[in-house]
Amino acid sequence: MPTLFEKIIAGELPADFVYRDDRVVAFRDIHPQAPVHVLVIPVKPIPTADDIEDGDAELIGRMFCVARDIARQEGLAEDGYRLIINCKQHGGQEVDHLHLHLVGGRPLGRMLQPR
Ligand code: DGP
């Protein structure tokens, strides 16, 4: 069963793309948590961070380079931003296709709230 993100990559569902090549795509999150909220995604369907293989190291590095470039394009580089990967249930992962959240455009505060 293809995930939502596989359907977006295949063009079966619409998305607001900000970057696309044969290995990595990026599009705006449907529920933005800040003025800029982009998801950077490998075309290869890696379900979670726990499924990353040693051979994926270059691909994962490429995702971060794409996120850096988008952050610059979106005017976030000077003030900064947050990159997040949620993993499985305790990490709050909803879509089982690895994705790097690029979030910025306002002060984001502390990442974890005290319990
Ligand atoms: P996570 O909780 O880390 O798995 O984040 C999933 C994100 O995906 C969440 O911020 C909302 C976003 N999202 C879910 N469905 C869609 C969709 O159909 N289109 C877009 N653009 N984003 C989606």
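Whatever order the structure lists them in is the order used to number ligands and atoms, beginning at 1. Atom set for the values below is all heavy atoms of this structure, side chains included, hydrogens, waters and symmetry mates excluded. Just so you know, residue 1 is the first one in the sequence shown, and it goes up from there. This structure is a prediction, so every number in the text was calculated from the model and none was measured.
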Exercise. More than 12 heavy atoms of other residues, nucleotides or ligands under 6.0 Å from CD of Glu12: is that the case?
Worked result: yes
Please tabulate, one pair per line, all N/O donor-acceptor pairs under 3.5 Å involving side-chain atoms of residues 95-102, not counting sequence neighbours.
residue : atom : partner : partner atom : Å
His97   : NE2  : Pro42   : O            : 2.7
His99   : ND1  : His97   : O            : 2.6
His101  : ND1  : His37   : NE2          : 2.8

Problem set entry | Pairs meeting criterion side chain to side chain donor-acceptor pair (under 3.5 Å) with involvement of residues 43-61, two or more places apart | Lys44-Asp56, Thr48-Asp51, Asp50-Lys88
Problem set entry | Evaluation steps, side-chain contact (heavy atoms from CB on, under 4.5 Å), between Val24 and Leu59 | CA-CA 8 Å; Val24 177; Leu59 175 61; 4.1 Å; yes
Exercise. Who passes salt bridge (Lys or Arg N to Asp or Glu O under 4.0 Å) against Asp21, sequence neighbours left out?
Worked result: Arg62
Quick one: ligand 1 N/O to protein N/O pairs below 3.5 Å?
residue  : atom   : partner : partner atom : Å
ligand 1 : 2 (O)  : Gly92   : O            : 2.9
ligand 1 : 2 (O)  : Glu94   : N            : 3.4
ligand 1 : 3 (O)  : Asn86   : ND2          : 2.8
ligand 1 : 3 (O)  : His99   : NE2          : 2.9
ligand 1 : 3 (O)  : His101  : NE2          : 2.8
ligand 1 : 4 (O)  : Glu94   : N            : 2.6
ligand 1 : 4 (O)  : Val95   : N            : 3.1
ligand 1 : 4 (O)  : His99   : NE2          : 2.8
ligand 1 : 5 (O)  : His99   : NE2          : 3.1
ligand 1 : 5 (O)  : His101  : NE2          : 3.3
ligand 1 : 10 (O) : Asp29   : OD1          : 3.2
ligand 1 : 10 (O) : Asp29   : OD2          : 2.5
ligand 1 : 21 (N) : Arg28   : O            : 2.9
ligand 1 : 21 (N) : Ile30   : N            : 3.4
ligand 1 : 22 (N) : Ile30   : N            : 3.2

For this session: Mark yes or no for whether Glu74, through its side chain, and Gly105, through its backbone, hold a donor-acceptor pair below 3.5 Å.
Result: no
